[in-house]
Amino acid sequence: MTNLTRRTFGLATTAAGLALAAPSVLHAQTSARLVVIGGGFGGASAARYARMAFPRLAVTLIEPQTSFVTCPYGNLLLAGERTLPQITHSYEGLKARGVRLVHDWAEAIDATARTVRLRNGQNVPYDKLILSPGIAIRWNAIEGYGEAAAETFPHAWIPGTGAQTALLRRQLEALPDGGVVGFAIPPNPFRCPPGPYERISMVASYLKAHKPRAKILALDAKDAFSKQGLFQDAWNELYPGMIEWVPLNKDGKVTRVDAREKQFETELGSRHRIDVGNVIPPQSAAKIAIDAGLTNETGWVPVNPLTFEATRARDIHVIGDANIGQPMPKSGYIANSTSKVAVAAAVAALEGRPAPAPTVYFNTCYSHVGPEYGISVVGIFRPGETAFVETANAGGVSPRGPLAEQREHRRLEALHADAWYGAITKDAFS
Amino acid sequence: MTFSTPAVSGTALALVLSMAPCSPLRAEAVTAPAIALSCAGCHGPQGAGEGSVPRIAGYDRQAFVQTWSAFRANERPATIMNRIARGFTDAEVAQMADYFASVR
């Protein structure tokens with residue numbers, strides 16, 4: 001076993017040696033190795049916050065990629081309004097803050113030995129682990145939708161290097177005017193609840209300008225969705241006649257896809273011929289969380305609502321889309337907001353203090369639905385005894401109403417969405 | 001953006017000096033209180049402001065509390081702050097006001 005943190009550890013000890021007194025507390029602090037798995041919104045925010053709030057902590061971030069492509073604003077790329085570099089963020093900012101970056105896959109976690117095994121065979125020891133691994137796609141949960149089919153019907157729901165999103169963009173560009181763009185939308189819970197509907201909107205925005213006779217067929221495994229009234233108002237106002245949304249109770253659930261014949265088939269056997277297909281498949285927590293035995297029968301990770309420690313393993317705090325956070329959405333904002341709580345709880349435990357007092361877990365999700373047309377949903381959550389609790393009589397969605405009356409509100413929210421993107425990516429990566 | 005702005009460093013130093021004998025780690029408590037950390041997602045790290053979303057770092061403490069109350073009561077034009085304001089208690093607002101007033 002190679003101790004990757006020995007050098008960092010030594011530096012931390014030296015730095016702390018210059019500080020004053022309190023040997024027992026200092027001991028806890030200097031020997032503290034915080035390892036973070038996953039460099040998305042949750043993991044990057046955790047690593048950044050850990051270095052800033054607890055500067056003597058040795059923080060290692062394990063992330064296979066050398067840059068991060070965001071899910072948010074990927075839908076604007078589909079509309080031709082953003083480029084891949086504009087939604088790609090490097091880890092240089094975190095390195096400059098003293099986060100040790102290990103660009104490799106975390107293959108396995110040994111919760112007893114408190115080590116993470118890398119693909120290259122090395123082990124990374126930790127005192128506390130922050131696990132922010134994101135989601136896995138449940139391949140073949142929809143018959144015919146395996147990894148090969150994703151080259152025909154991209155999911156574009158895990159950006160990776162951006163290849164899936166870029167593929168879907170190229171397919172839209174090649175779509176003949178008058179063609180049909182099909183969406184298969186999963187049941188709850190899944191990453192980014194308003195995401196499919198923002199995507200439908202941004203694809204419609206592109207089609208309206210470039211292929212006005214094209215149609216969108218959105219087949220949904222649910223009867224209701226996030227910001228539904230606002231989205232449907234916008235679709236009627238901006239893209240009349242273009243979008244057909246089919247809910248579960250009208251046979252909207254796609255159960256089989258045929259990549260060769262380019263068909264989506266629903267529960268009751270209806271077959272829909274489509275030209276470009278985006279399958280947003282059912283999901284689970286990422287593989288490493290499942291392999292580590294952290295997930296329950298739902299495929300997601302139960303956590304302590306106050307500390308985000310996994311209920312099935314000590315010293316592993318699971319944040320972001322992988323955990324069971326309902327009624328909180330699986331969003332980048334929740335991952336960012338709760339990452340700091342998880343880090344503070346982990347550090348408190350290392351120092352032998354009780355978990356920090358309950359605080360607010362905050363979410364705002366903006367969606368772009370057309371040019372200068374943004375909408376939002378706000379949620380304010382707090383930890384309960386065994387679950388997360390949404391604060392009543394607060395939050396909620398943008399006001400509904402005809403565009404003529406709401407134009408300024410929509411324009412401002414579109415601007416605020418852009419500001420949100422700038423702010424939250426700074427809070428994670430700068 | 002870092003936490004090493006003069007005002008905050010001054011506070012940090014004061015905390016180190018006053019608390020060092022028993023608890024030097026408290027020097028790190030000058031980072032934002034937990035309740036204020038989520039503001040960064042729109043207002044930027046330490047409330048520095050971002051694009052159309054205003055800077056709240058250095059906001060006058062009393063004005064912060066009054067503005068918050070006006071948002072909560074729908075007495076001030078808002079896009080989303082009215083919806084947000086209703087979800088926080090007076091004590092939480094006071095903590096945020098203290099913190100952002102201290103950031104320069």
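Just so you know, these numbers come straight off a predicted model, no measurement behind them. A note on names: the letters A, B, ... follow the listed sequences, proteins ahead of strands, and every chain is numbered from 1.
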query = Where on B:Ala78 is there a heavy atom nearer than 4.5 Å to chain A: the side chain, the backbone, both, or neither?
reply =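 Interface part for B:Ala78: backbone (N, CA, C, O).
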
inquiry  = Tell me which of these, B:Glu92, B:Arg86, B:Arg83, has more heavy-atom pairs under 4.5 Å with chain A than the rest.
reply    =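 The candidate making the most pairs under 4.5 Å is B:Arg83.
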
query = Do you know which of B:Ala34, B:Gly44, B:Ser52 has the most heavy-atom pairs under 4.5 Å to chain A?
reply =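 It is B:Ser52.
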
Taking all non-hydrogen atoms of both residues, which atom of [X] and which atom of [Y] are closest, and how far apart?
{"X": "B:Ala40", "Y": "A:Ala423", "result": "O-CB, 3.5 Å"}
{"X": "A:Arg382", "Y": "B:Gly87", "result": "NH1-O, 3.2 Å"}
{"X": "A:Trp420", "Y": "B:Cys42", "result": "CD1-SG, 3.7 Å"}

Non-hydrogen atoms of chain B under 4.5 Å away: do they reach the side chain of [X], the backbone, both or neither?
{"X": "A:Val343", "answer": "neither"}
{"X": "A:Phe41", "answer": "neither"}
{"X": "A:Thr391", "answer": "side chain"}

query = Does the pair B:Cys39 and A:Phe362 meet the rule for a side-chain contact (heavy atoms from CB on, under 4.5 Å), with working shown?
reply = CA-CA 8 Å; B:Cys39 306; A:Phe362 184 78; over 6 Å; no

Taking the side chain as every heavy atom from C-beta outward, state whether [X] and [Y] have any pair of such atoms under 4.5 Å apart.
{"X": "B:Leu37", "Y": "A:Tyr49", "result": "yes"}
{"X": "B:Pro45", "Y": "A:Arg48", "result": "yes"}
{"X": "A:Val360", "Y": "B:Phe88", "result": "yes"}

ask   = Would B:Thr79 and A:His416 satisfy side-chain contact (heavy atoms from CB on, under 4.5 Å), going step by step from the backbone distance to the final call?
value = CA-CA 9 Å; B:Thr79 45; A:His416 294 345; 3.1 Å; yes

inquiry  = Would the distance check show the side chain of A:Tyr361 and the main-chain N or O of B:Ser38 forming a donor-acceptor pair, the cut-off being under 3.5 Å?
reply    =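 Side chain of A:Tyr361 to backbone of B:Ser38: no pair is present.
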
Shorter than 4.5 Å, heavy atoms on both sides: which option in [options] has the most such pairs with chain B?
{"options": "A:Val341, A:Thr425, A:Val378", "answer": "A:Val378"}
{"options": "A:Gly93, A:Gly395, A:Ser45", "answer": "A:Gly395"}
{"options": "A:Asp418, A:Val397, A:Thr364", "answer": "A:Val397"}

ask   = If you measure from CD on B:Glu50 to CD1 on A:Ile424, what distance do you get to the nearest 0.5 Å?
value =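 These two atoms lie 11.5 Å from each other.
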
query = What distance separates A:Ile375 CD1 from B:Ile80 CD1, expressed to the nearest 0.5 Å?
reply =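 Between A:Ile375 CD1 and B:Ile80 CD1, I get 13.0 Å after rounding to 0.5 Å.
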
